[in-house]
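Written below as C-alpha cells is the structure these notes are about.
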Amino acid sequence: MDFDFTDEELLFQKHLREGVERLIAPGFKERWHYDGLNRDLLPPLKELGLLGFAWPEEYGGQGVILPDIMHGIAFLELGRADCSSSIIFGATVECAEVLMELGTKELQDEWGPRLATGEAYCGYCFVEPGMGTDLGNIQTRGELQEDGSWIISGDKASVSFCTSDAFIVAVRTGDQPGAYGVSLFFVPADLEGVSVSIYEDFGMKEIGRGGVALRNDRVPAKYLLGEREGGFKPIMHIFDAGRPALALMCIGAAETVMEQCVEYCKQREVFGQKLSKYEAISFGLIEHKTKLDLAKMMAFKAFWLRSQKKWNAKEAGQAKFYGCEAAFESIWFCTRAFGHLGYTSEYDALYRLADVMGFAWGDGSWEVCKMVAARDEFGEEYLPYTRRKRTDAVSK
Amino acid sequence: MEKIIVCYKWVVDENDISVDYDGNIKMREPSYKVSLYDRNAIEAGTQLAEKCGAQCVALTAGDAKSEKSRKEALCAGPSEGFAVIDDALESADSLLTATILSAAISKIGDAQLVICGEGSGDVYAQQVGPRIAAALGWPLLTYATSIEVDGEKLRIKRDGSEGTELLEAVLPLVVTVAGDCNTPRMPGLKDVMGAGKKPFTIWSPSELNCSAEELVNGLATMEIIGNRPDRKNIVIKGSGKEAADEVIRGLISEGVLG
C-alpha cells in the first residue's frame with residue numbers, strides 16, 4: 001500500500017498551489033458576487049495549464065487526457081482558492097472528453113478550436129424541474145425529423161453555466177423506459193428556441209446556475225452525441241468523476257478556512273489565554289481535520305479506482321456525501337471559532353460556507369449518493385425503486 | 001551561443017520550517033524544492049535558450065537528496081540535467097559548492113553562459129555565482145533584472161536604490177539573477193510528465209577529478225537558531241485625532257516613519 005502521490009502528481013500539485021495562490025486566490029470575495037458564468041476565470045485557468053485537456057493540439061488543446069488523480073488534485077487546489085474556479089475548470093474537462101469521444105468530426109472541427117482555448121464555453125443540461133437527481137425521469141423530448149434533424153422541447157433546471165455558448169443536453173428520444181431512452185445532444189445557446197434565466201443563488205454565483213428552456217429547437221443530426229438512446233452511461237461516467245472531485249473542492253475550501261482559523265486561534269486571547277489553549281477549540285479543530293483527511297483519502301481512492309478502470313460509483317458517492325458534509329461542518333465550526341468576525345465580510349468563512357452548501361445537492365444530492373453507495377454495498381434490495389428493464393422494441 | 005548552464009540548489013521548503021518558543025528550528029519530514037532565486041535562473045536560461053536556439057542544461061550539487069530534484073528542475077524548461085552527488089556535499093559551503101560546480105561545468109563542456117540565482121533560499125550567502133566565475137576565470141555580472149544576448153555580448157539591467165545600471169560583457173561569462181528578473185513559468189502537464197524522460201546524469205566528485213581533500217568545508221556551522229521577534233504589544237487607547245497622533249508618534253519613534 002502506498003499513500004504517496006507519484007513524483008509527477010506532487011510536482012503538479014506544488015506548481016498548481018503556487019499558481020492558484022497567485023492567479024485565482026486574489027479577488028475571491030470581490031468575484032463572489034458575480035452573477036453568471038465568470039469568464040474572467042478562464043485566462044488564469046489557461047495560464048495554469050488547466051484548459052484544453054482532451055482536445056487535440058490541432059484545435060489548440062493539450063493533446064492529453066488529464067490523469068484521474070491529477071483531476072482530483074486540481075479540484076482540491078482550485079477549491080482552496082475559489083470553488084467556482086474548480087467547477088469552471090471541471091466542466092471544460094468533462095465536456096471535452098464527451099465531445100471528443102461521442103461528437104461527430106464535424107462538430108469537433110466546428111467547436112473544438114474555440115472550446116479548447118476557452119474562447120467558448122460549454123455547460124450541460126441534465127436536471128429538470130420536478131425531477132432533481134432522478135435522471136431516468138427526463139421529460140425533455142426530441143423528435144426525429146425526416147431530414148435527420150431533431151426538434152427538441154423541454155425545460156432544464158439548476159443548470160450550471162447557463163450563460164454558456166453551448167450545452168450538452170440530455171433528451172428523451174424514444175419510448176425506452178427510464179434511463180434507457182435518453183440521448184445526448186450538443187445544443188448551441190444561440191439556436192432559435194433556446195432561452196435562459198439565471199437564479200439568484202446564495203453561493204457559487206460565478207458558475208451562474210439557472211434554467212434553460214428549449215422550445216422546438218431544431219438541432220442538426222451532426223449534434224447528436226454518440227448513439228441514439230445511449231446517453232445515460234456517459235452522464236454517469238461524468239458523475240463518477242464529478243462526485244469525488246466536488247468533495248475535494250469542498251475539502252480544499254475547508255482547508256483554507258481551517259488554516260486561517262488555526263492562526264487566528266493562536267493569536268486571539270479570551271479569559272486570559274489564547275483560544276488555541278481551550279480544548280473546545282483544539283479538540284474541535286482536530287476532529288474536523290481528521291474528517292477532512294479521511295474524506296480526502298476516500299475521494300482519491302474513488303479517483304484511483306477510476307484510473308484503474310474499476311467500478312467506483314460507491315466510493316464516488318461516499319466521497320461526495322461524506323466529504324462535502326465534513327467540509328460544511330468544518331467551515332461552520334471555524335466560523336464560530338472566529339466569533340462575530342466570522343459572521344462579517346472581513347473573513348471569508350461564510351462565503352466559502354455558502355459555496356460548499358451548494359454541493360448538498362449539486363452533481364447528486366447527499367441522499368442520492370448514499371442511495372448509490374448503499375445499493376453497491378448492500379444490494380439492490382436497498383434501492384427505493386425497482387430498476388426499469390430495457391424493452392426489446394427499438395424506438396423510432 | 002550553443003549551451004547555457006543554469007545552476008540550482010535543492011533546499012528545504014521554507015513552508016516546512018517553524019521556530020519554537022526557544023528559537024529552535026523545527027522541521028518534521030520537510031519537503032524539498034528548487035531554491036527560490038534558482039527558479040529565476042532556470043527561467044532566464046530557458047528563455048534565452050528558446051530565443052537563441054541554444055540548449056539549456058540544469059546543474060546541481062548536493063547529497064543524495066538532491067537526486068530527487070531531477071523532475072522539478074527539468075519540468076521547468078532545461079532539456080538535460082546533471083547532478084554531482086556525494087554525502088560530503090550535504091552542507092557544503094559556497095567555496096566547496098562552487099569548486100564542484102565549476103568542475104562539472106568544465107566537464108559538461110561547450111557552455112558560453114552560466115546562470116545562477118542571486119543567493120540560495122536557505123543560506124543566501126550570494127557567493128556561489130561569483131566563486132564559479134572566479135574558478136572558471138570568466139567575467140561576472142550580478143543581480144540581473146533582465147538579460148539580453150547580442151551576438152557574442154550579453155547585456156543586463158541591474159536595479160538598485162540609485163537607479164538602473166546597464167552592464168555589458170563578452171561571452172563566456174557568469175550571470176546571477178535577481179528575484180524580479182522574471183516570473184518562472186507554470187509547467188504544463190506535458191512538461192511534468194515528460195521531465196522524467198529527459199536525460200539526467202549523476203556524477204561523483206571523483207569523476208570530476210575532485211579529491212577527498214577538496215571535499216572539505218572551510219566553514220563550519222556551529223548552530224542554526226530561528227529568529228522569533230518579540231511583539232511589543234503597544235496598545236493605544238482613545239479615539240480620533242488624539243489616538244491617530246499617538247500612532248504616528250509611535251511609528252516615528254520605532255523608525256517606521258521618518
Side-chain angles (χ1 to χ4, degrees), chain A residues 3-24 43-57 60-74 77-78 89 92-93 96 116-117 259 262-263 266-269 274 276-277, chain B residues 8 10-16 18-21 26 29-36 38-40 42-43 46 58 65-78 81 121 179-180 182-198 200 228-231 233 235:
Chain A
F3 283 96
D4 259 342
F5 288 141
T6 63
D7 287 348
E8 284 77 9
E9 288 157 358
L10 283 170
L11 258 181
F12 182 74
Q13 182 178 37
K14 185 188 270 194
H15 287 297
L16 208 48
R17 182 163 298 191
E18 263 182 40
V20 165
E21 280 173 9
R22 180 166 58 87
L23 296 168
I24 306 280
L45 286 173
K46 190 173 185 183
E47 193 175 337
L48 290 168
L50 292 179
L51 288 190
F53 288 119
W55 292 111
E57 286 175 310
Q62 300 205 33
V64 287
I65 299 284
L66 180 63
D68 289 302
I69 300 293
M70 290 181 177
H71 193 144
I73 289 171
E77 295 305 321
L78 290 167
F89 148 75
T92 66
V93 177
T117 54
E259 286 163 14
V262 165
E263 285 309 306
K266 282 196 270 187
Q267 308 296 328
R268 169 74 169 157
E269 203 166 290
K274 307 289 186 196
S276 58
K277 300 287 183 192
Chain B
Y8 68 93
W10 191 237
V11 298
V12 171
D13 188 331
E14 62 273 10
N15 292 316
D16 293 338
S18 60
V19 180
D20 70 11
Y21 287 112
K26 294 280 181 192
E29 295 175 26
S31 53
Y32 287 76
K33 66 176 191 178
V34 172
S35 178
L36 194 62
D38 296 346
R39 290 178 58 193
N40 298 105
I42 291 173
E43 179 62 27
T46 303
K65 289 191 290 291
S66 298
E67 282 186 51
K68 288 285 280 181
S69 68
R70 168 185 190 165
K71 291 173 185 171
E72 184 167 331
L74 294 182
C75 79
D180 50 359
N182 52 46
T183 302
R185 67 193 61 190
M186 274 283 303
L189 180 62
K190 274 189 175 174
D191 301 315
V192 169
M193 302 303 276
K197 295 172 188 148
K198 293 179 179 176
F200 193 80
R228 198 182 176 92
D230 289 330
R231 301 289 172 199
N233 293 320
V235 178

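Below, read A as the first sequence line, B as the second, and so on, with proteins coming before strands; counting in each chain starts at 1.
Interface residue Lys68(B): only side-chain heavy atoms are found under 4.5 Å from chain A. Neither the backbone nor the side chain of Leu10(A) has a heavy atom closer than 4.5 Å to any heavy atom of chain B. At a 4.5 Å heavy-atom cutoff, Ser31(B) makes no contact with chain A through either its backbone or its side chain. In this structure, chain B has a heavy atom under 4.5 Å from the side chain of Glu18(A), while its backbone stays farther away. Contact annotation for Leu16(A): both backbone and side-chain heavy atoms come within less than 4.5 Å of a heavy atom of chain B. For chain B, the nearby part of Ile65(A) is the backbone; its heavy atoms alone come within less than 4.5 Å.
Distance alone, capped at 3.5 Å, places no donor-acceptor pair between the Glu72(B) side chain and the Leu11(A) backbone.
Highest contact tally toward chain B, considering only Val64(A), Asp7(A), Leu50(A), Leu48(A), is held by Asp7(A) [criterion: heavy-atom pairs under 4.5 Å].
Enclosure of atom NZ in Lys190(B) by more than 12 non-hydrogen atoms of other residues, nucleotides or ligands within 6.0 angstrom is indicated. Counted within 6.0 Å of NZ on Lys274(A), heavy atoms from surrounding residues, nucleotides or ligands total more than 12; the atom is thus considered enclosed.
The minimum heavy-atom distance linking Pro187(B) with Cys75(B) is given by the pair CB-O, 3.4 Å.
Proximity of Lys46(A) to Thr117(A): side-chain heavy atoms (C-beta onward) are separated by under 4.5 Å at one or more points. Put simply, the side chain of Leu66(A) reaches to within 4.5 Å of the side chain of Phe12(A), judged on heavy atoms.
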